[in-house]
There are 2 protein chains.
Amino acid sequence: MEKLSTRDRIIEAAYTLFSEKGYHGTSTREIAKTASVSEVTLFRIFGTKESLFEEVLKTKSIIPDLLAMIRDVENYSLEDLLFSLAKRFYYTLVSKKKFIMITFSEVNQYSEKIIDIYQKLIDQIDELLVRIFSKYKNSNRNFDLKIIAMAFRGMIFDLFLTNEILLRKDITKSEINRILSSYVKIVLNSIE
Amino acid sequence: MEKLSTRDRIIEAAYTLFSEKGYHGTSTREIAKTASVSEVTLFRIFGTKESLFEEVLKTKSIIPDLLAMIRDVENYSLEDLLFSLAKRFYYTLVSKKKFIMITFSEVNQYSEKIIDIYQKLIDQIDELLVRIFSKYKNSNRNFDLKIIAMAFRGMIFDLFLTNEILLRKDITKSEINRILSSYVKIVLNSIE
DNA sequence: CATGTAAGTAAGTAATCACTTACTTAATTT
DNA sequence: AAATTAAGTAAGTGATTACTTACTTACATG
(Lines give C-alpha, C1' and ligand atoms only; values in the text may rest on other atoms or scores of the structure.)
Protein backbone atom coordinates (compact mmCIF):
# COMPACT_ATOMS: atom_id res chain seq x y z
CA MET A 1 0.00 0.00 0.00
CA GLU A 2 1.21 3.43 -0.99
CA LYS A 3 1.17 6.21 1.53
CA LEU A 4 -1.18 8.86 0.26
CA SER A 5 -0.89 12.57 1.00
CA THR A 6 -3.61 14.17 3.10
CA ARG A 7 -5.02 15.78 -0.02
CA ASP A 8 -5.14 12.48 -1.90
CA ARG A 9 -6.73 10.66 1.02
CA ILE A 10 -9.53 13.22 1.02
CA ILE A 11 -10.00 12.88 -2.73
CA GLU A 12 -10.13 9.10 -2.49
CA ALA A 13 -12.70 9.22 0.29
CA ALA A 14 -14.83 11.79 -1.52
CA TYR A 15 -14.60 9.80 -4.76
CA THR A 16 -15.95 6.66 -3.14
CA LEU A 17 -18.62 8.38 -1.07
CA PHE A 18 -19.89 10.59 -3.90
CA SER A 19 -20.16 7.53 -6.12
CA GLU A 20 -22.09 5.61 -3.47
CA LYS A 21 -24.38 8.27 -2.06
CA GLY A 22 -24.27 11.14 -4.50
CA TYR A 23 -23.08 14.67 -3.91
CA HIS A 24 -25.96 15.77 -1.69
CA GLY A 25 -26.08 12.46 0.13
CA THR A 26 -22.48 12.81 1.32
CA SER A 27 -21.50 15.22 4.10
CA THR A 28 -18.10 16.82 4.46
CA ARG A 29 -17.90 15.42 7.97
CA GLU A 30 -18.27 11.91 6.58
CA ILE A 31 -15.62 12.50 3.93
CA ALA A 32 -13.18 13.77 6.56
CA LYS A 33 -13.87 10.84 8.84
CA THR A 34 -13.41 8.32 6.04
CA ALA A 35 -10.12 9.99 5.08
CA SER A 36 -9.00 10.03 8.75
CA VAL A 37 -8.56 13.75 8.57
CA SER A 38 -10.16 16.61 10.46
CA GLU A 39 -12.98 18.44 8.73
CA VAL A 40 -11.04 21.69 9.13
CA THR A 41 -8.19 20.28 7.07
CA LEU A 42 -10.61 19.39 4.32
CA PHE A 43 -11.83 22.98 4.11
CA ARG A 44 -8.31 24.39 4.37
CA ILE A 45 -7.26 22.42 1.33
CA PHE A 46 -10.36 22.61 -0.86
CA GLY A 47 -12.22 25.70 0.35
CA THR A 48 -15.69 24.42 -0.43
CA LYS A 49 -17.42 21.09 -0.89
CA GLU A 50 -18.23 22.12 -4.46
CA SER A 51 -14.59 22.67 -5.39
CA LEU A 52 -13.61 19.38 -3.76
CA PHE A 53 -16.22 17.77 -6.00
CA GLU A 54 -14.68 19.38 -9.05
CA GLU A 55 -11.21 18.23 -8.02
CA VAL A 56 -12.53 14.70 -7.71
CA LEU A 57 -13.99 14.85 -11.20
CA LYS A 58 -10.76 16.25 -12.59
CA THR A 59 -8.52 13.74 -10.83
CA LYS A 60 -10.61 10.68 -11.51
CA SER A 61 -11.81 11.45 -15.03
CA ILE A 62 -12.23 8.60 -17.48
CA ILE A 63 -11.11 10.83 -20.36
CA PRO A 64 -7.36 10.10 -20.28
CA ASP A 65 -7.99 6.36 -20.12
CA LEU A 66 -10.26 6.35 -23.13
CA LEU A 67 -8.00 8.67 -25.11
CA ALA A 68 -5.12 6.31 -24.39
CA MET A 69 -7.26 3.45 -25.63
CA ILE A 70 -7.85 5.27 -28.90
CA ARG A 71 -4.15 6.03 -29.33
CA ASP A 72 -2.93 2.54 -28.61
CA VAL A 73 -4.69 0.81 -31.50
CA GLU A 74 -2.39 -1.73 -33.12
CA ASN A 75 -2.43 -3.43 -36.46
CA TYR A 76 -3.95 -6.81 -35.89
CA SER A 77 -6.40 -8.52 -38.17
CA LEU A 78 -9.79 -6.82 -38.09
CA GLU A 79 -11.28 -9.39 -35.74
CA ASP A 80 -8.36 -9.29 -33.31
CA LEU A 81 -8.32 -5.52 -33.42
CA LEU A 82 -12.01 -5.17 -32.63
CA PHE A 83 -11.81 -7.79 -29.90
CA SER A 84 -8.89 -6.10 -28.22
CA LEU A 85 -10.66 -2.74 -28.48
CA ALA A 86 -13.84 -4.23 -27.02
CA LYS A 87 -11.95 -5.66 -24.07
CA ARG A 88 -9.97 -2.48 -23.49
CA PHE A 89 -13.18 -0.41 -23.62
CA TYR A 90 -15.08 -2.72 -21.27
CA TYR A 91 -12.34 -2.98 -18.65
CA THR A 92 -11.66 0.75 -18.76
CA LEU A 93 -15.32 1.30 -17.95
CA VAL A 94 -15.06 -1.18 -15.09
CA SER A 95 -12.00 0.52 -13.66
CA LYS A 96 -13.78 3.89 -13.84
CA LYS A 97 -17.09 2.63 -12.48
CA LYS A 98 -17.17 5.15 -9.63
CA PHE A 99 -16.52 8.06 -11.96
CA ILE A 100 -19.35 6.92 -14.21
CA MET A 101 -21.67 6.54 -11.21
CA ILE A 102 -20.94 10.11 -10.13
CA THR A 103 -21.52 11.59 -13.56
CA PHE A 104 -24.77 9.66 -13.93
CA SER A 105 -26.04 10.77 -10.54
CA GLU A 106 -25.24 14.43 -11.11
CA VAL A 107 -26.06 14.54 -14.82
CA ASN A 108 -28.80 17.09 -14.25
CA GLN A 109 -26.89 19.31 -11.83
CA TYR A 110 -23.78 19.47 -14.00
CA SER A 111 -25.27 18.79 -17.40
CA GLU A 112 -22.95 21.05 -19.40
CA LYS A 113 -19.76 19.62 -17.90
CA ILE A 114 -20.97 16.07 -18.32
CA ILE A 115 -22.11 16.58 -21.89
CA ASP A 116 -18.66 18.02 -22.55
CA ILE A 117 -16.98 14.97 -21.07
CA TYR A 118 -18.95 12.39 -22.99
CA GLN A 119 -19.76 14.11 -26.29
CA LYS A 120 -16.14 14.29 -27.42
CA LEU A 121 -15.33 10.79 -26.21
CA ILE A 122 -18.28 9.22 -27.97
CA ASP A 123 -17.52 11.05 -31.19
CA GLN A 124 -13.88 10.02 -31.10
CA ILE A 125 -14.65 6.38 -30.40
CA ASP A 126 -17.16 6.27 -33.24
CA GLU A 127 -14.72 7.97 -35.61
CA LEU A 128 -11.99 5.49 -34.72
CA LEU A 129 -14.31 2.57 -35.36
CA VAL A 130 -15.47 3.98 -38.69
CA ARG A 131 -11.84 4.43 -39.73
CA ILE A 132 -11.10 0.83 -38.82
CA PHE A 133 -14.20 -0.52 -40.53
CA SER A 134 -13.62 1.36 -43.76
CA LYS A 135 -10.09 -0.02 -44.05
CA TYR A 136 -11.40 -3.55 -44.10
CA LYS A 137 -14.87 -3.46 -45.56
CA ASN A 138 -15.64 -5.43 -48.69
CA SER A 139 -19.01 -4.33 -49.97
CA ASN A 140 -21.18 -1.25 -49.73
CA ARG A 141 -24.21 -2.32 -47.80
CA ASN A 142 -27.24 -0.14 -47.41
CA PHE A 143 -26.48 1.08 -43.93
CA ASP A 144 -23.56 3.22 -43.03
CA LEU A 145 -20.53 2.44 -40.94
CA LYS A 146 -21.24 5.16 -38.38
CA ILE A 147 -24.36 3.33 -37.28
CA ILE A 148 -22.46 0.06 -36.96
CA ALA A 149 -19.90 1.88 -34.83
CA MET A 150 -22.68 3.24 -32.60
CA ALA A 151 -24.17 -0.22 -32.31
CA PHE A 152 -20.84 -1.77 -31.33
CA ARG A 153 -20.06 0.90 -28.75
CA GLY A 154 -23.63 0.64 -27.47
CA MET A 155 -23.61 -3.12 -26.99
CA ILE A 156 -20.43 -2.94 -24.95
CA PHE A 157 -21.48 0.02 -22.85
CA ASP A 158 -24.82 -1.58 -22.10
CA LEU A 159 -23.11 -4.84 -21.12
CA PHE A 160 -21.04 -2.88 -18.62
CA LEU A 161 -24.02 -0.94 -17.32
CA THR A 162 -26.21 -4.00 -16.92
CA ASN A 163 -23.64 -6.26 -15.28
CA GLU A 164 -21.64 -3.83 -13.22
CA ILE A 165 -24.03 -1.07 -12.20
CA LEU A 166 -27.64 -2.15 -12.48
CA LEU A 167 -27.48 -5.84 -11.66
CA ARG A 168 -24.04 -6.20 -10.02
CA LYS A 169 -23.77 -9.68 -11.45
CA ASP A 170 -20.84 -11.84 -10.52
CA ILE A 171 -19.93 -12.76 -14.04
CA THR A 172 -16.58 -14.34 -14.85
CA LYS A 173 -13.99 -12.67 -17.00
CA SER A 174 -14.07 -15.55 -19.46
CA GLU A 175 -17.84 -15.21 -19.81
CA ILE A 176 -17.43 -11.48 -20.49
CA ASN A 177 -14.80 -12.23 -23.09
CA ARG A 178 -17.04 -14.79 -24.74
CA ILE A 179 -19.82 -12.23 -25.03
CA LEU A 180 -17.47 -9.53 -26.31
CA SER A 181 -16.07 -11.87 -28.92
CA SER A 182 -19.61 -12.66 -30.08
CA TYR A 183 -20.32 -8.95 -30.28
CA VAL A 184 -17.30 -8.58 -32.55
CA LYS A 185 -18.66 -11.32 -34.79
CA ILE A 186 -22.05 -9.62 -35.02
CA VAL A 187 -20.31 -6.47 -36.20
CA LEU A 188 -18.10 -8.38 -38.66
CA ASN A 189 -21.19 -9.95 -40.20
CA SER A 190 -22.48 -6.48 -40.97
CA ILE A 191 -19.44 -5.11 -42.72
CA GLU A 192 -17.99 -8.11 -44.47
CA MET B 1 -55.69 19.58 -18.61
CA GLU B 2 -56.99 17.17 -16.06
CA LYS B 3 -57.57 18.27 -12.52
CA LEU B 4 -55.29 16.24 -10.32
CA SER B 5 -55.99 15.30 -6.74
CA THR B 6 -53.80 16.80 -4.06
CA ARG B 7 -52.07 13.49 -3.66
CA ASP B 8 -51.36 13.18 -7.37
CA ARG B 9 -50.07 16.74 -7.61
CA ILE B 10 -47.55 15.96 -4.89
CA ILE B 11 -46.49 12.77 -6.63
CA GLU B 12 -46.06 14.58 -9.94
CA ALA B 13 -43.96 17.31 -8.34
CA ALA B 14 -41.83 14.82 -6.43
CA TYR B 15 -41.37 12.70 -9.57
CA THR B 16 -40.00 15.63 -11.55
CA LEU B 17 -37.86 17.05 -8.76
CA PHE B 18 -36.38 13.71 -7.73
CA SER B 19 -35.48 13.01 -11.35
CA GLU B 20 -33.81 16.42 -11.74
CA LYS B 21 -32.02 16.82 -8.41
CA GLY B 22 -32.01 13.40 -6.83
CA TYR B 23 -33.59 12.32 -3.56
CA HIS B 24 -31.22 14.18 -1.24
CA GLY B 25 -31.09 17.24 -3.49
CA THR B 26 -34.83 17.78 -3.23
CA SER B 27 -36.46 19.17 -0.08
CA THR B 28 -40.00 18.43 1.01
CA ARG B 29 -40.62 22.19 1.14
CA GLU B 30 -39.73 22.45 -2.54
CA ILE B 31 -41.96 19.53 -3.47
CA ALA B 32 -44.88 21.10 -1.61
CA LYS B 33 -44.32 24.47 -3.25
CA THR B 34 -44.09 22.94 -6.73
CA ALA B 35 -47.32 21.02 -6.10
CA SER B 36 -49.00 24.20 -4.73
CA VAL B 37 -49.73 22.42 -1.51
CA SER B 38 -48.71 23.11 2.06
CA GLU B 39 -45.84 21.09 3.42
CA VAL B 40 -48.09 19.89 6.25
CA THR B 41 -50.44 18.33 3.73
CA LEU B 42 -47.55 16.46 2.18
CA PHE B 43 -46.65 14.91 5.52
CA ARG B 44 -50.28 14.21 6.39
CA ILE B 45 -50.66 12.16 3.21
CA PHE B 46 -47.30 10.43 2.97
CA GLY B 47 -45.93 10.44 6.50
CA THR B 48 -42.27 10.63 5.54
CA LYS B 49 -40.20 11.79 2.59
CA GLU B 50 -38.97 8.22 2.24
CA SER B 51 -42.45 6.76 1.81
CA LEU B 52 -43.35 9.52 -0.65
CA PHE B 53 -40.30 8.43 -2.62
CA GLU B 54 -41.48 4.84 -2.62
CA GLU B 55 -44.96 5.88 -3.74
CA VAL B 56 -43.39 7.77 -6.63
CA LEU B 57 -41.42 4.70 -7.68
CA LYS B 58 -44.52 2.53 -7.44
CA THR B 59 -46.77 4.94 -9.33
CA LYS B 60 -44.33 5.82 -12.08
CA SER B 61 -42.67 2.45 -12.63
CA ILE B 62 -41.61 1.48 -16.14
CA ILE B 63 -42.46 -2.17 -15.45
CA PRO B 64 -46.11 -2.17 -16.65
CA ASP B 65 -45.15 -0.40 -19.87
CA LEU B 66 -42.46 -2.89 -20.74
CA LEU B 67 -44.59 -5.88 -19.76
CA ALA B 68 -47.30 -4.54 -22.07
CA MET B 69 -44.71 -4.27 -24.82
CA ILE B 70 -43.82 -7.92 -24.38
CA ARG B 71 -47.47 -9.01 -24.42
CA ASP B 72 -48.44 -7.03 -27.50
CA VAL B 73 -46.08 -8.75 -29.95
CA GLU B 74 -47.84 -9.38 -33.25
CA ASN B 75 -47.12 -11.69 -36.11
CA TYR B 76 -45.36 -9.60 -38.70
CA SER B 77 -42.42 -10.70 -40.77
CA LEU B 78 -39.28 -10.98 -38.68
CA GLU B 79 -37.92 -7.63 -39.82
CA ASP B 80 -41.18 -5.77 -39.21
CA LEU B 81 -41.58 -7.46 -35.86
CA LEU B 82 -38.11 -6.51 -34.66
CA PHE B 83 -38.47 -2.98 -35.97
CA SER B 84 -41.78 -2.43 -34.23
CA LEU B 85 -40.33 -3.90 -31.02
CA ALA B 86 -37.29 -1.64 -31.29
CA LYS B 87 -39.47 1.43 -31.69
CA ARG B 88 -41.79 0.45 -28.90
CA PHE B 89 -38.85 -0.22 -26.59
CA TYR B 90 -37.12 3.05 -27.44
CA TYR B 91 -40.18 5.24 -27.05
CA THR B 92 -41.21 3.53 -23.84
CA LEU B 93 -37.80 4.40 -22.44
CA VAL B 94 -38.24 7.99 -23.58
CA SER B 95 -41.65 8.28 -21.95
CA LYS B 96 -40.19 6.91 -18.70
CA LYS B 97 -37.03 8.97 -18.78
CA LYS B 98 -37.64 10.52 -15.34
CA PHE B 99 -38.19 7.13 -13.76
CA ILE B 100 -34.96 5.86 -15.26
CA MET B 101 -33.11 8.96 -14.05
CA ILE B 102 -34.34 8.37 -10.50
CA THR B 103 -33.38 4.71 -10.45
CA PHE B 104 -29.93 5.49 -11.85
CA SER B 105 -29.32 8.24 -9.29
CA GLU B 106 -30.38 6.13 -6.34
CA VAL B 107 -29.03 2.79 -7.58
CA ASN B 108 -26.67 2.52 -4.62
CA GLN B 109 -29.16 3.61 -1.96
CA TYR B 110 -31.91 1.28 -3.16
CA SER B 111 -29.84 -1.37 -4.88
CA GLU B 112 -32.05 -4.34 -3.97
CA LYS B 113 -35.25 -2.71 -5.17
CA ILE B 114 -33.65 -1.50 -8.37
CA ILE B 115 -32.03 -4.82 -9.16
CA ASP B 116 -35.46 -6.36 -8.64
CA ILE B 117 -37.02 -3.93 -11.08
CA TYR B 118 -34.53 -4.39 -13.87
CA GLN B 119 -33.43 -8.01 -13.49
CA LYS B 120 -36.81 -9.46 -14.36
CA LEU B 121 -37.43 -7.01 -17.18
CA ILE B 122 -34.10 -7.66 -18.84
CA ASP B 123 -34.54 -11.41 -18.58
CA GLN B 124 -38.03 -11.27 -20.04
CA ILE B 125 -37.01 -9.05 -22.93
CA ASP B 126 -34.10 -11.31 -23.79
CA GLU B 127 -36.30 -14.41 -23.56
CA LEU B 128 -38.88 -12.85 -25.87
CA LEU B 129 -36.20 -11.99 -28.41
CA VAL B 130 -34.69 -15.46 -28.30
CA ARG B 131 -38.13 -16.96 -28.85
CA ILE B 132 -38.66 -14.69 -31.85
CA PHE B 133 -35.22 -15.37 -33.29
CA SER B 134 -35.47 -19.14 -32.97
CA LYS B 135 -38.74 -19.19 -34.87
CA TYR B 136 -37.08 -17.64 -37.88
CA LYS B 137 -33.46 -18.62 -37.84
CA ASN B 138 -32.07 -20.59 -40.75
CA SER B 139 -28.66 -21.86 -39.73
CA ASN B 140 -26.85 -22.68 -36.56
CA ARG B 141 -24.07 -20.16 -36.29
CA ASN B 142 -21.35 -20.42 -33.70
CA PHE B 143 -22.78 -17.85 -31.31
CA ASP B 144 -26.00 -18.22 -29.46
CA LEU B 145 -29.22 -16.32 -29.79
CA LYS B 146 -29.18 -15.06 -26.21
CA ILE B 147 -26.11 -13.01 -26.93
CA ILE B 148 -27.69 -11.54 -30.07
CA ALA B 149 -30.71 -10.62 -27.95
CA MET B 150 -28.47 -8.91 -25.40
CA ALA B 151 -26.69 -7.05 -28.18
CA PHE B 152 -29.97 -5.86 -29.71
CA ARG B 153 -31.39 -4.70 -26.39
CA GLY B 154 -28.07 -3.08 -25.56
CA MET B 155 -27.79 -1.08 -28.77
CA ILE B 156 -31.24 0.36 -28.29
CA PHE B 157 -30.84 1.13 -24.62
CA ASP B 158 -27.51 2.82 -25.23
CA LEU B 159 -29.03 4.88 -28.06
CA PHE B 160 -31.65 6.12 -25.61
CA LEU B 161 -29.12 6.78 -22.89
CA THR B 162 -26.72 8.63 -25.13
CA ASN B 163 -29.27 10.79 -26.92
CA GLU B 164 -31.80 11.44 -24.23
CA ILE B 165 -29.90 11.47 -20.96
CA LEU B 166 -26.20 12.03 -21.47
CA LEU B 167 -26.10 14.29 -24.51
CA ARG B 168 -29.69 15.58 -24.71
CA LYS B 169 -29.38 15.68 -28.46
CA ASP B 170 -32.21 17.11 -30.48
CA ILE B 171 -32.45 14.23 -32.86
CA THR B 172 -35.45 13.83 -35.14
CA LYS B 173 -37.84 10.95 -34.90
CA SER B 174 -37.09 9.91 -38.47
CA GLU B 175 -33.37 9.82 -37.72
CA ILE B 176 -34.04 7.63 -34.68
CA ASN B 177 -36.15 5.33 -36.79
CA ARG B 178 -33.43 5.12 -39.43
CA ILE B 179 -30.92 4.08 -36.79
CA LEU B 180 -33.30 1.57 -35.23
CA SER B 181 -34.03 0.02 -38.60
CA SER B 182 -30.28 -0.32 -39.23
CA TYR B 183 -29.92 -1.98 -35.84
CA VAL B 184 -32.57 -4.48 -36.87
CA LYS B 185 -30.63 -5.23 -40.04
CA ILE B 186 -27.44 -5.80 -38.07
CA VAL B 187 -29.27 -8.37 -35.98
CA LEU B 188 -30.89 -9.99 -39.00
CA ASN B 189 -27.45 -10.43 -40.57
CA SER B 190 -26.41 -12.44 -37.57
CA ILE B 191 -29.27 -14.90 -37.47
CA GLU B 192 -30.13 -15.40 -41.11
C1' DC C 1 -77.92 22.40 11.46
C1' DA C 2 -74.27 19.51 12.92
C1' DT C 3 -70.50 16.83 11.79
C1' DG C 4 -66.66 15.19 9.16
C1' DT C 5 -63.13 15.92 5.88
C1' DA C 6 -59.49 18.00 3.39
C1' DA C 7 -56.99 21.45 3.26
C1' DG C 8 -54.35 25.72 5.14
C1' DT C 9 -51.39 28.82 8.49
C1' DA C 10 -48.06 29.82 11.95
C1' DA C 11 -44.79 28.42 14.79
C1' DG C 12 -41.43 25.54 16.42
C1' DT C 13 -38.77 21.07 17.18
C1' DA C 14 -34.00 18.83 17.26
C1' DA C 15 -30.68 17.53 14.04
C1' DT C 16 -27.65 18.31 10.52
C1' DC C 17 -25.53 21.03 7.02
C1' DA C 18 -21.38 23.68 5.02
C1' DC C 19 -18.16 26.45 6.77
C1' DT C 20 -15.37 29.58 10.28
C1' DT C 21 -12.60 31.25 14.13
C1' DA C 22 -9.07 30.81 17.44
C1' DC C 23 -5.78 28.42 19.29
C1' DT C 24 -2.51 24.26 19.67
C1' DT C 25 0.82 20.57 18.43
C1' DA C 26 4.41 18.32 15.94
C1' DA C 27 7.54 17.96 12.47
C1' DT C 28 10.48 20.07 8.96
C1' DT C 29 13.25 23.66 7.11
C1' DT C 30 16.22 27.54 7.32
C1' DA D 1 17.44 27.91 17.71
C1' DA D 2 13.90 30.24 15.12
C1' DA D 3 10.56 30.13 11.71
C1' DT D 4 7.53 27.84 8.72
C1' DT D 5 4.35 24.35 7.59
C1' DA D 6 0.79 20.87 8.01
C1' DA D 7 -1.95 19.13 10.67
C1' DG D 8 -5.20 18.84 14.89
C1' DT D 9 -8.96 20.33 18.59
C1' DA D 10 -12.86 22.74 20.38
C1' DA D 11 -16.40 25.58 19.74
C1' DG D 12 -19.64 27.84 17.28
C1' DT D 13 -21.90 30.29 13.13
C1' DG D 14 -26.48 30.82 10.62
C1' DA D 15 -29.10 28.24 7.39
C1' DT D 16 -31.70 24.39 6.22
C1' DT D 17 -33.49 19.89 6.97
C1' DA D 18 -37.44 16.50 7.92
C1' DC D 19 -41.10 16.57 10.61
C1' DT D 20 -44.67 18.12 14.48
C1' DT D 21 -48.13 20.63 17.10
C1' DA D 22 -52.06 23.44 17.56
C1' DC D 23 -55.36 25.78 15.70
C1' DT D 24 -58.25 27.47 11.60
C1' DT D 25 -60.97 27.65 7.23
C1' DA D 26 -64.02 25.96 3.69
C1' DC D 27 -66.79 22.75 1.91
C1' DA D 28 -69.59 18.59 1.55
C1' DT D 29 -72.47 15.19 3.60
C1' DG D 30 -75.80 13.09 6.77
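Just so we're on the same page: letters track the sequence lines, and every chain starts at 1.
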Visitor: Should the pair B:Lys96 and B:Tyr91 be classed as cation-pi, given the thresholds of under 6.0 Å to the six-membered ring centre and 45° from the axis?
Guide: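 Judged by the rule, B:Lys96 and B:Tyr91 form no cation-pi pair.
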Visitor: Can you name the residues that form a side-chain contact (heavy atoms from CB on, under 4.5 Å) with A:Ser174, not counting sequence neighbours?
Guide: A:Thr172
Visitor: Could I get the full list of side-chain contact (heavy atoms from CB on, under 4.5 Å) partners for A:Val107, not counting sequence neighbours?
Guide: A:Ile114, B:Met101, B:Ile165, B:Leu166, B:Arg168
Visitor: Could you list all N or O pairs between the protein and nucleotides 25-28 of chain D that sit under 3.5 Å apart?
Guide:
none

Visitor: Could you state the atom-to-atom distance from CZ of A:Phe43 to C1' of C:dA18 in whole Å?
Guide: 5 Å
Visitor: List for me each residue that meets ring pair (Phe, Tyr, Trp, His ring centres under 6.0 Å) alongside B:Phe104, sequence neighbours excluded, and say none if there are none.
Guide: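 If we apply the ring pair (Phe, Tyr, Trp, His ring centres under 6.0 Å) test to B:Phe104, skipping adjacent residues, the hits are A:Phe104.
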Visitor: What residues in residues 16-26 of chain B put a non-hydrogen atom under 4.0 Å from any atom of DNA chain D?
Guide: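 Nucleic-acid contacts, sorted: B:Thr26.
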Visitor: Under 4.0 Å between a side-chain nitrogen and a carboxylate oxygen: does that hold for B:Asp158 and A:Arg153?
Guide: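 Salt bridge flag = yes for A:Arg153 with B:Asp158.
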Visitor: Give me each pair satisfying ring pair (Phe, Tyr, Trp, His ring centres under 6.0 Å) with a member in residues 158-177 of chain B, each pair once, sequence neighbours excluded.
Guide: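 The answer is B:Phe157-B:Phe160.
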Visitor: In whole angstroms, how far is the P atom of D:dA6 from the CG atom of A:Leu4?
Guide: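 Result: 17 Å.
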Visitor: Polar atom pairs between nucleotides 24-27 of chain C and protein, under 3.5 Å, N or O only, would you list them?
Guide:
none

Visitor: Any donor and acceptor pair, going by atom type alone, linking the side chain of A:Ser51 with main-chain N or O of A:Gly47 inside 3.5 Å?
Guide: no
Visitor: Using a 4.5 Å cut-off on heavy atoms from C-beta on, say whether the side chain of B:Phe133 contacts that of B:Val187.
Guide: yes
Visitor: When the distance from CD of A:Glu30 to P of C:dC19 is rounded to whole Å, what number comes out?
Guide: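 To the nearest whole Å, that distance equals 16 Å.
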Visitor: Give a yes/no verdict on a cation-pi contact between B:Lys49 and B:Tyr23, requiring under 6.0 Å between NZ or CZ and the six-membered ring centre and an angle within 45° of the axis.
Guide: yes
Visitor: Got a list of protein N/O to nucleotides 8-13 of chain C N/O distances below 3.5 Å?
Guide:
| residue | atom | partner | partner atom | Å |
| --- | --- | --- | --- | --- |
| C:dG8 | OP1 | B:Ser38 | N | 3.2 |
| C:dG8 | OP2 | B:Ser38 | N | 3.2 |
| C:dG8 | OP2 | B:Ser38 | OG | 3.2 |
| C:dG8 | OP2 | B:Thr41 | OG1 | 2.1 |
| C:dG8 | N7 | B:Arg44 | NH2 | 2.6 |
| C:dG8 | O6 | B:Arg44 | NH1 | 3.0 |
| C:dG8 | O6 | B:Arg44 | NH2 | 3.2 |

Visitor: May I ask you to test the B:Ile125-B:Met69 pair for a side-chain heavy-atom distance under 4.5 Å?
Guide: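 B:Ile125 vs B:Met69: side chains touch.
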Visitor: Can you tell me the distance, in whole Å, between the CD1 atom of A:Ile45 and the P atom of C:dC19?
Guide: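 For the pair A:Ile45 CD1 and C:dC19 P, the rounded distance is 15 Å.
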Visitor: Using 4.0 Å as the upper bound for N to carboxylate O, is an ion pair formed by B:Glu12 and B:Arg9?
Guide: no
Visitor: Applying side-chain contact (heavy atoms from CB on, under 4.5 Å), can you list everything that pairs with B:Asp116, at least two apart in sequence or on another chain?
Guide: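 B:Asp116 satisfies side-chain contact (heavy atoms from CB on, under 4.5 Å) with no residue once adjacent residues are dropped.
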Visitor: Can you list the residues that meet the ring pair (Phe, Tyr, Trp, His ring centres under 6.0 Å) rule with A:Tyr110, with sequence neighbours excluded?
Guide: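 Checked A:Tyr110 against ring pair (Phe, Tyr, Trp, His ring centres under 6.0 Å); matches are A:Phe53.
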Visitor: Which residues, if any, of residues 49-60 of chain B bring a heavy atom under 4.0 Å of DNA chain D?
Guide: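 Nucleic-acid contacts, sorted: B:Lys49.
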Visitor: Examine distances only and state if a side-chain atom of A:Asn163 and a backbone atom of A:Ile171 form a donor-acceptor pair shorter than 3.5 Å.
Guide: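 Checked: no pair found.
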Visitor: Restricting to side-chain contact (heavy atoms from CB on, under 4.5 Å), what partner residues turn up for A:Ala13, sequence neighbours left out?
Guide: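 For A:Ala13, the residues satisfying side-chain contact (heavy atoms from CB on, under 4.5 Å) (neighbours in sequence not counted) are A:Ile31, A:Thr34, A:Ala35.
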